[in-house]
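All ligand and atom numbering here is 1-based and tracks the order in the structure.
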Amino acid sequence: MNENPADLASLNARRLRIADALPPGDAVLLAGAGTPVPLPEESDQTYPFRSHAHYYYLAGHECAGGLLAYDPQAPAAEQWVSFVPAVTEAGQIWEGRTQTPGRPLADFPQWLEARRHRTLVSIGAPIPGVATDAALNSATLEAVRHARRPKDQMEIALARRAIAATAVGFEAIRAHLRPGVTERSLQIELEAGFFRGGGTRTGYSTIVGSGPNSAVLHFEPSSRIVREGEFVLVDAGAELDRYTADVTRTYVAGTPNPFQRDLYQVVLEAEERAIRRCVVGAEWKDIHFAAAHDLTAGLVAMGVLRGEPASLVEQEAHTLFFPHGIGHLVGLGVRDASGRQPGRTRDPRPSLQSLRLDLPLAAGYLVTVEPGIYFIPALLNDAARRSRFAHQVRWELVDQHLALGGVRIEDNVLITPEGPDVLTSAIPKSESCRGL
Ligand code: GLY
Ligand code: MN
Ligand code: MN
């Protein structure tokens, strides 16, 4: 986040919105950024540092060791205090650090001592030596997560820039999507495009899976050489100022066969229908089950499944081929503020275990929509599943395609009062399976 006046005005509006959403009471709110985690071996190296998302959202900057505090009883201008550690000489010499603006972290104990009879809640990284109220922490976290869900203009602008960088990467790989290329070289071209397009890192580990690897949901690219006629699934996003895209496209290197084309078309139509259902007030679980129904109907039409789609979904037969959820919130991190609507409890249905969201959509939410159909040997060779779904699945057809891999298509969709706005629409998908 750049600290220009418009950003600061947005930051203040954001803090007011969070303060309004807090549970009743006058608890002191603390949000720790966290500190770098050393690698387990003896070395001076750490894992890449990222401030806790709630800290980043409210402080507006990365700052290892930073701490944001909010006292609702303080005079208005002193309610929010950003405590920052003093820059060290080593930090200046080795990393070129400069002093982050804010109040010295060394003042925090005294600030806290002046509030020693107050209830404390923590929504960020744990703060050593500070005891907080566990039950209130959990209620506060739920409230903060929920209040963060509608994206403000500054967030939407950052998400759009991350998506624009992501589009540069996806464009860069199109010329390389040919038999003979390796998954790794596609990753290199893709990520180089992200950086050229303005990305500062990847939002998560890039997924490139070819052939059977395209059925591994989070496959790490390998040196495998892509063969003629194989699926290549690419799921990746550029990140910029902590905001990330999360986009999947599936291609065929060379010429797709009719079964691949049909499979692709089923997923594409299910995705486009799911996107159209992304309107204010729509229940995410309903969107998930409607997509499961569409994918199942497609598999019935292809002869892979037998029966009525609604009944097959009721029996959870779709989970053999679509074992994850329809999507999640995205933005400040790839699973940004996902979870349940406050007050809801976990839905125990087995087919919902991987659904990361249970809420009605509201304006300003940024969601991924990502149906997929996969031939996953670990699921499809499982004897218990083969027995349970003996009549619902044409197993001889499944056996022919166990090494085929899978298709996922994923877009990032902003919910608006006028309907779904597909922010990733510039990344082509309908041409992807025509043969490259
Ligand atoms: N990139 C992982 C996912 O789609 O959720
Ligand atoms: Mn993804
Ligand atoms: Mn996703």
Protein contact to [atom] [nearest heavy atom, distance to 0.1 Å]:
| atom | answer |
| --- | --- |
| atom 3 (C) of ligand 1 | Asp246 OD2, 3.5 Å |
| atom 2 (C) of ligand 1 | His218 NE2, 3.4 Å |
| atom 4 (O) of ligand 1 | Glu370 OE1, 2.9 Å |

Next on the checklist: Hydrogens and angles aside, do Ser138 and Glu142 bring a side-chain donor and acceptor to less than 3.5 Å of each other?
Outcome noted: no
Checklist entry - Is any side-chain heavy atom of Arg50 less than 4.5 Å from a side-chain heavy atom of Tyr55? => result no
Taking the Mn ion (ligand 3) as the reference point, name the nearest N/O/S atom of [X].
| X | answer |
| --- | --- |
| Asp246 | OD2 |
| Glu410 | OE2 |
| Glu370 | OE2 |
| His328 | NE2 |

Next on the checklist: Minimum distance, heavy atoms only, to atom 5 (O) of ligand 1: which one of Arg356, Arg408, Arg335, His324 is it?
Outcome noted: Arg335
Can we say [X] and [Y] salt-bridge, meaning some charged N sits less than 4.0 Å from an Asp/Glu carboxylate O?
| X | Y | value |
| --- | --- | --- |
| Glu316 | Arg349 | no |
| Asp241 | Arg201 | no |
| Asp411 | Arg249 | yes |
| Glu283 | Arg277 | no |
| Arg394 | Glu396 | yes |

Checklist entry - Near Asp235, which atoms of ligand 1 are under 4.0 Å from a heavy atom of that residue? => result 1 (N), 2 (C), 3 (C), 4 (O)
Item to check | Glu410: numbered ligand 1 atoms lying under 4.0 Å from its heavy atoms | outcome: 4 (O)
Next on the checklist: Within the supplied structure, the quantity of interest is the number of heavy atoms (other residues, nucleotides, ligands) at a distance under 6.0 Å from Glu220 CD; does it exceed 12?
Outcome noted: no
Checklist entry - Between Thr248 and ligand 1, is there a nitrogen or oxygen pair with a distance under 3.5 Å? => result no
